[in-house]
Every structure is written in C-alpha cells, then in structure tokens.
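If you're wondering where the values come from, they're calculated on a predicted model, not measured in any experiment. Side chains are part of it too, since the values below use all heavy atoms of this structure and drop only hydrogens, waters and symmetry mates.
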Amino acid sequence: MVCNGEECRFSYVTPAQGKPVDLLLVAVKATVLDQAIADMKNFVGPDTVILSVLNGITSEERIETAYPGRTLWSVAIGMDATRSGRTLVFNQAEDPVRRAGRCYDRPCAGRGRLSGRCGIANEPCSDILYKQWNKLMVNDGLNQAAAAFDLTYGGLCRSAEAQAKMHEAMQEVIRLANLEGVPLPRDNDEQFLRTAMPTFNPDGMPSMRQDVLAKRPTEVEEFAGVVRARAKKYGMPTPANDFFYARIQEIEAGYCK
C-alpha cells in the first residue's frame, strides 16, 4: 500500500489465527461486511470494543446482532480519499465521531481514550444518529449523483440535471429521517452544499464514482436501497432514490459487457 506517497507495510494474521483484542476496527466496504463479521469472530472477546467506520446507517446494527453489547456507534467524517489500486491519496484524515455516555448497558467512558492511544482522532457526541443520518444524506445525494451521471465534484457543480436529482435524493433522506425521529433540518442539504461543496477539489470524486470507474461493486444498497426500504414503512415515495438505484444497478450490470 502507498499512502500519500509513503509505502505502508502491515502485519497480517488469518481469521483462524485471531485472538481477542481491545479495539476492533471494521473498515471494509458494506458489500463484504457479512464476510468480515464472520471472519472477526476469533478477535472478539468479552471486553472487545467494536468500532465501524462504514458508510450508511446499518453496519452497527448488523455487527451488534452478531456480537451483542460490544459496538460503539460512530460515524467517520471529513475524508477526501482517492484510491487507485493500492495507492491512496488524501488531504484530510477521517475523524470518527462516537457516541458519548453509555453503549447499551456498558460504560463507554475511556473508549475514546482507547481510540486516542491508537492514534485515531475522535470526539464524543450526544447526537450520533443525527450525524449518521446527516452523512447518509450527503452520500445519498453526492455519491450517487457522481456515479449515476459520471461526474467529478466540479462536474456536479456545473450540471443542472445532476444537481436537481442530488437535491431531490437528499430531501428524501431528510423527510425519512424526520419520520424516523431524527431531526435533520428541512434545508440541511442546502446548508451542506453551500458550505462544504466549494471546499472540494473540483477534479476529485466521491467513493461511489471511484468504484464505478474501477468496476467494483458499489454501496448502492446502503444508500438508495436502505432509503427505499425504510420509506415503504411510511408509504413515502422515493422517486430520486428509485432513479439512482436503477441507474447504478444498470451500471454495475454493464461491468462484464
């Protein structure tokens, strides 16, 4: 692996060689999370803390189902990485924001210190669901629009069609979040695009477009798929996410052609 021009070497063990650890980071694509959950069985002990930095709002639920009482709800924000093969380039390191207070019935005090000793910048918060849904809103619009319309950040800023669909998808997430009891402001998408979009490298691109260009499976199920499924409980239409879901599945189906 080469990270910002520096070669990185790691030590590895197989799942069968695993032994319980204090802190277990789950940093895979959502498309292989089920395999990771199975593979990490031997690394999970009675005092293991599990921290997921995956996109979407479902990874903690899935991990917690497999390993009850060990998951620390979090969201990773601020990363602008571009990966090509085994080369990674970024300007900003991702900062996990973690739930403060208690993790189910187990005290979480000190778990942030554990992350800190590992060199992971983090901060506690009391509104982790808000932050997770806020990131879902961003990914649902930005990631999917870049992939569906084959655009960089700069291209998204110039395409009225892509911007309209991006806003529509983000609004669907906001409405769904409110139905789920998460108070995202109605203009949350406008706030993000007004303040954050100008800071992005116009030649850069979000991870889903990187996946599409590399012909990798995307996380569309964690974005449009989750929004569509949860919206059905409330009878809420999701035309923008329906569009993105169908378009990105069509793109993936064309990989082998």
In short, V182 meets N178 closest at the heavy-atom pair O-ND2, 3.0 Å
Rounding to 0.5 Å, atoms OG (S74) and CD1 (I50) come to a distance of 11.5 Å
- Query: Side chains of K29 and P217: closer than 4.5 Å at any heavy-atom pair?
  - Reply: no
CG of L23 to OG1 of T48, rounded to nearest 0.5 Å, is 9.0 Å
dist D187:CG -> I174:CD1 (nearest 0.5 Å) comes out at 7.5 Å
So does E6 have more than 12 non-hydrogen atoms from other groups sitting under 6.0 Å from CD? no
(Q) Ignoring hydrogens and geometry beyond distance, is a side-chain donor-acceptor pair present between T14 and Q17 at under 3.5 Å? (A) yes
Taking the side chain from Y153 and the backbone from T199, do they hold a donor-acceptor pair closer than 3.5 Å? no
Exercise. With a 4.5 Å limit on heavy-atom distance, are the side chains of L156 and M197 in contact?
Worked result: yes
Heavy atoms of V220 and E252 approach each other most closely as CG1-OE2, 4.0 Å
Within the side chain of E219, is there an N or O that forms a donor-acceptor pair under 3.5 Å with the backbone of A30?
-> yes
Review point. Do Y234 and W133 sit in the same hydrophobic cluster, where Ile, Leu, Val, Met, Phe, Trp and Tyr count as joined when their side-chain heavy atoms come under 4.5 Å apart?
Key: yes
Check: Any side-chain heavy atom of L151 sitting closer than 4.5 Å to one from S159?
Finding: yes
Are M205 and V212 joined in one hydrophobic group, where the rule is that I, L, V, M, F, W and Y side chains link up if heavy atoms are under 4.5 Å apart? no
Would you check if the side chain of E64 reaches a backbone N or O of T71 as a donor-acceptor pair within less than 3.5 Å?
yes
Please answer whether the main-chain N or O of T218 pairs with a side-chain N or O of D211 as donor and acceptor at a distance below 3.5 Å. no
Nearest heavy-atom approach of A148 to F243 is CB-CE2, 4.5 Å
- Message: Could you check whether any side-chain heavy atom of R228 comes within less than 4.5 Å of a side-chain heavy atom of E172, counting everything from C-beta outward?
- Response: no
CG (L33) and CZ (R62) are apart, to the nearest 0.5 Å, by 4.0 Å
So CZ of R247 and CD1 of I251: to nearest 0.5 Å the spacing works out to 4.0 Å
Exercise. Does S207 offer a backbone N or O that forms a donor-acceptor pair with the side chain of N143 under 3.5 Å?
Worked result: yes
key: Close side-chain approach of F244 to V227, heavy-atom, < 4.5 Å   = no
Please check this pair: side chain of D47 against backbone of D22, looking for a donor-acceptor N/O pair closer than 3.5 Å.
no
The reported gap from CD in E7 to CZ in R86 (rounded to nearest 0.5 angstrom) is 11.0 Å
### Query
Counting distance only, does the side-chain N/O of K135 pair as donor-acceptor with the main-chain N or O of N55 below 3.5 Å?
no
Practice prompt. Please determine if K165 forms a cation-pi arrangement with F149, meaning its NZ or CZ atom is less than 6.0 Å from the six-membered ring centre and no more than 45° off the ring axis.
Written response: no
K215 and Y255 have their tightest heavy-atom pair at C-CE1, 3.4 Å
**Study point:** Derivation and outcome, side chain to side chain contact (heavy atoms under 4.5 Å, CB included), residues V53 and L25
**Key:** CA-CA 7 Å; V53 294; L25 299 178; 5.6 Å; no
When every non-hydrogen atom of P15 is compared with those of N42, the smallest separation belongs to O-ND2, 3.2 Å
- When you look at I63 and M40, which way does the side chain to side chain contact (heavy atoms under 4.5 Å, CB included) test go after all the steps? CA-CA 10 Å; I63 294 168; M40 68 193 195; 4.0 Å; yes
L213 with F223, same ILVMFWY side-chain cluster at under 4.5 Å: no
Exercise for review: Could you tell me whether the side chain of Q171 and the main chain of R186 form a donor-acceptor pair under 3.5 Å?
Suggested key: yes
Would you say Q144's side chain and D140's backbone share a donor-acceptor pair under 3.5 angstrom? yes
### M137 reachable from M236 in the ILVMFWY side-chain graph, under 4.5 Å edges
yes
Margin query: Go through it in stages, so that I can follow the logic: the residues are E222 and N139, the test is side chain to side chain contact (heavy atoms under 4.5 Å, CB included), and I'd like the CA-CA distance, side-chain angles, deciding distance and then a yes or no.
Written below: CA-CA 10 Å; E222 287 300 310; N139 285 333; over 6 Å; no
Checklist entry - Do Q35 and V28 come close enough that some side-chain heavy atom pair is under 4.5 Å? => result no
query = How about R216 and T31: do any of their side-chain heavy atoms sit closer than 4.5 Å?
reply = no
Next on the checklist: If you apply the rule side chain to side chain contact (heavy atoms under 4.5 Å, CB included), what do you find for D189 with M166, and how did you get there?
Outcome noted: CA-CA 9 Å; D189 56 333; M166 179 170 61; over 6 Å; no
Correct closest heavy-atom pair for A145 and A162 would be CB-O, 4.3 Å
Basic-acidic side-chain contact under 4.0 Å: E180, K233: yes
Could you tell me whether the side chain of R70 and the main chain of G45 form a donor-acceptor pair under 3.5 Å?
-> yes
What I'd like to find out is whether the side chain of M170 reaches to under 4.5 Å of the side chain of N188, using heavy atoms alone.
no
| message | Hydrophobic cluster membership, with links at side-chain heavy-atom distances under 4.5 Å among I/L/V/M/F/W/Y: are Y130 and V138 in one? | response | yes
